[in-house]
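Residue numbers count from 1 along this sequence.
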Amino acid sequence: MSRTDREAQILDLAETLFAEQGFHNATMDELCARVGVTKPVIYEYFGSKDGVLSAVLAKARIGLLEATQTAVAASTGPEDALRRSLVGFFEYTDLRRGAWSLMNHESTLAGGVAADEVDAVRRQQADFTATMMQAYGQPRDKHESEAFAFVIIGACDQVARWRENKPDITAEQAGGYVFDVVWGGLRDRISTPAALDFATELPTSQARSG
């Protein structure tokens, strides 16, 4: 197995293990047993248990940006773009339940770099959302787009937590709930749909290194 494939395997199994047992309760011995390698291999790749967690969260962060970019690329206008980005967010959290569970329960996380990754996820998605709003919108001042973006991201975080124990709530429903709350405040600040072609003009990367 190549190093790249081995790293991906370790991260996938670590995400499952940390989500099942909690970061602090999970042991490196258990992770090694699941992967089928010795501790020195994992330490060589990631440096420490905290390093494994940080890499798990970084992988999820990058994947989330890609998922929301893909969702928005097919949009037909600002209303559709916002709705698609919200549904795309919840679809991705469904796909990566383990990593999202870790992010949503920060008391289980190590400090330092791992906590920084959680902040980086929020900043990344806020930047992405603010970029959409600036491209389409007519903000009242230079801070409004960023402030609104963090309101949206905060709502997504809380709804993601709320639906953890509500498997009957689909990603489309969850996205719709957030959309219905925020769209009323945004609608009057949106330019005509023709003002932007999302497929060609929206920046393709807003990721931060964390």
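- In this structure, F150 is not a member of the same hydrophobic cluster as V159, with clusters built from ILVMFWY side-chain heavy atoms closer than 4.5 Å.
- E7 and F46 get closest at one heavy-atom pair: O-CZ, 4.0 Å.
- Taking all atoms of both residues into account, the shortest heavy-atom contact from A60 to M103 is CB-CE, 3.7 Å.
- Between D50 and L53, every side-chain heavy-atom pair lies at or beyond the 4.5 Å cut-off.
- The main-chain N or O of F90 is found under 3.5 Å from a side-chain atom of T93 such that the two form a donor-acceptor pair.
- Here the straight-line distance linking atom CZ of F148 with atom NE2 of H143 works out to 13.5 Å at 0.5 Å rounding.
- Each of L13, N25, V52 was compared with F18 under the side chain to side chain contact (heavy atoms under 4.5 Å, CB included) criterion, and only V52 meets it.
- A continuous path of hydrophobic side-chain contacts links Y45 to M28 [ILVMFWY only; heavy atoms under 4.5 Å].
- Residues satisfying the side chain to side chain contact (heavy atoms under 4.5 Å, CB included) test with S85, not counting sequence neighbours, are V72, L82, M132.
- A continuous path of hydrophobic side-chain contacts links M133 to V178 [ILVMFWY only; heavy atoms under 4.5 Å].
- Connection of I10 to V56 is established within a shared hydrophobic cluster, with ILVMFWY side chains joined at heavy-atom distances below 4.5 Å, either directly or through further cluster members.
- Checking side-chain atoms of E30 against main-chain N and O of T27 turns up no donor-acceptor pair under 3.5 Å.
- Within 6.0 Å of NZ on K142 lie no more than 12 heavy atoms contributed by other residues, nucleotides or ligands.
- L86 is listed as a side-chain neighbour of I152, based on a closest heavy-atom distance under 4.5 Å.
- D80 places a side-chain N or O within donor-acceptor distance of the main-chain N or O of T76, the cut-off being under 3.5 Å.
- When all heavy atoms are compared, the tightest approach of F179 to E79 is CZ-CG, 3.4 Å.
- Taking hydrophobic clusters as Ile, Leu, Val, Met, Phe, Trp and Tyr residues chained together by side-chain heavy-atom distances below 4.5 Å, V121 shares a cluster with L11.
- Among pairs with a residue in residues 13-25, those fulfilling salt bridge (charged side-chain N to carboxylate O under 4.0 Å, His left out) read E15-R96, E20-R34, at least two apart in sequence or across chains.
- Here the CD-OG1 distance, from Q124 to T129, works out to 10.0 Å after rounding to the nearest 0.5 Å.
- Comment: E44 engages R3 in a salt bridge, judged by a side-chain N to carboxylate O separation of less than 4.0 angstrom.
- If you take CG on L31 and NZ on K39, they are separated by 10.5 Å, rounding to the nearest 0.5 Å.
- Of the possible donor and acceptor atoms, none in the side chain of S75 sits under 3.5 Å from a partner among the backbone N and O of A71.
- Residues A26 and L17 approach most closely at CB-CG, 3.8 Å, considering heavy atoms.
- L64 CG to L57 CG: the interatomic distance, rounded to the nearest 0.5 Å, is 12.0 Å.
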Derivation of the salt bridge (charged side-chain N to carboxylate O under 4.0 Å, His left out) call for D168 and R163 | CA-CA 8 Å; D168 57 314; R163 69 187 287 257; over 6 Å; no

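- In this structure the side chain of R83 never reaches within 4.5 angstrom of the side chain of W183, judged on heavy atoms.
- Looking at E66, E117, Q125 one by one, the single match for side-chain hydrogen bond (donor to acceptor under 3.5 Å, both in side chains) with R61 turns out to be E117.
- Atom-to-atom distance recorded for Q69:CD and R84:CZ is 15.0 Å, nearest 0.5 angstrom.
- Residues Y92 and T68 fail the side-chain proximity criterion, which asks for heavy atoms closer than 4.5 Å.
- The structure places CG of D94 at 10.0 Å from CZ of F89, a figure rounded to the nearest 0.5 Å.
- Listed by chain and residue number, R161 satisfy the side chain to side chain contact (heavy atoms under 4.5 Å, CB included) test with Q158 (two or more places apart in sequence, or in another chain).
- The two residues G98 and A19 make their nearest non-hydrogen contact at CA-CB, 3.6 Å.
- For the side chain to side chain contact (heavy atoms under 4.5 Å, CB included) with Q9, the qualifying choice from V35, T4, V37 is V35, the only one to do so.
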